[in-house]
Amino acid sequence: MAQIQPLRGTRDLLPEECRKIRHVEARALAIAKLYGFEEIETPMMEPVAVFKRSLGDTSDIVSKQMYLFKDLGGDEIVLRPEGTAGVARAFISEGLTQNLPLKLFYRGPMFRYERPQKGRYRQFYQVGVELLGVDKPQADVELIAMAQQFLGELKLQGDIRLHLNTIGDAESRATYRDRLRHYLETRKSELSQDSLTRLERNPLRILDSKDEGDKRVVADAPSLAESLNDLSRAFFDGVQEGLSTLGIPYFVDPLLVRGLDYYCHTVFEFTTNALGSQNAVLGGGRYDNLISDLGGPKTPGVGWASGVDRLSLMLQETPKDVAPVAVVPLGDEAEKEAVKLTHELRAAGIAVDVGYSGNMGKRMKRADKIGARCAVILGSEELAKGIVQVKWLGTGTQEQINRSELIGKLRT
Ligand code: AMP
């Protein structure tokens, strides 16, 4: 019978990978608490409307990446491709609209039907934050500062850069969309097939196309900055001033648009030089119309999401669990006593690993392999005297300890 493999683009997180992923999530949560955010968990499945109404039909996610299926009741269900739309849906359906400003943190798996490669999976993990109810640039600046602190404290390989742009308010975007479309029409024959389909409904997406022909066309395109109205320009100035005040380095990337309908004004992305082509590690922006697009009261918002899988690939060091103590009995009688001793140590909060079987050599090898801090060796002589031998695996030194003093000794 053919062996069953995991689905393409999904992977088993073996213990070491799991440790890395949880470490990144735990750091994100700690930083979120530092900034006054609280955790929320929304379902991994949502009605399809949650994403269609918010991300927009022309976004890559909705048009070609959603895991969409009918359940047995005939409802159209999506495995969430991102976190913001679900949090916004929860904000409305849980009646949180009176609790502004609201600061929420989430983490968990997301699902996108993408072409898998290093750092890109069909099930991947994100941490993210949403700040609802604040329409001032200060909120955008605070979230970017938080992202920078999070990435900085993780101790990652390579360098991180912050790309910043504004896509303006709806009025500025409408003006720009017309100018851009007008220009692109003149060079239509040079555009890729994908870009031709975007030309009518979402020409801004062409700006961040990876196609070489598109890039040449985009190089001469009119800039979005020139289409900004006063309000949009003032907002972006506010964000830039705030970042400068905090000494946060950034560069303005006029081609950054982020491709989802719900964004307005600020968009940003942190990239790395350590991962090859999948270089985005965190992205976000402002979304003042998202809540109202989903049927809630008009509520401004800003947020970001970060790819935990990618960050875990970039950690300089693998985080370690608390090193356990290995209990090593010699002989049948000691074997029984070791079960009791193990139980006592664990009850006292000391992590213990047991080898279950094998001679001393085999068990000591296992103790080494799992990174035990010491081996507590128990033979018939030790039993008779009420003592144990403790071998510290780091230094190789061994000492004799009374059973009654063991817990105290291992706690220090
Ligand atoms: P996005 O929601 O597309 O802005 O994604 C936010 C972050 O999630 C990105 O910067 C990536 O780090 C990560 N990410 C997005 N898609 C994937 C994927 N298919 N596999 C792994 N990480 C991803």
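Note that ligands are numbered from 1 as they come in the structure, with each ligand's atoms numbered from 1 the same way.
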Using a strict 4.0 Å threshold on nitrogen-to-oxygen distance, state whether E16 and R19 make a salt bridge. no
Between the side chains of N202 and T58, does any donor sit under 3.5 Å from an acceptor? yes
Using side-chain contact (heavy atoms from CB on, under 4.5 Å) as the criterion, point out the one residue from V127, V129, T84, T42 that pairs with Y106. T84
With hydrogens left out, which residues have an atom under 4.0 Å from ligand 1, given that only heavy atoms count? R112, E114, G119, R120, Y121, F124, Q126, R258, A280, V281, L282, A305, G307, R310
Report yes if the distance between the aromatic ring centroids of F105 and F37 is under 6.0 Å, otherwise no. no
Give me the one residue out of F251, F268, Y250 that meets ring-ring contact (aromatic ring centres under 6.0 Å, His included) with H163. F251
Distance under 6.0 Å and angle within 45° of the ring axis: does R112 meet both against F124? no
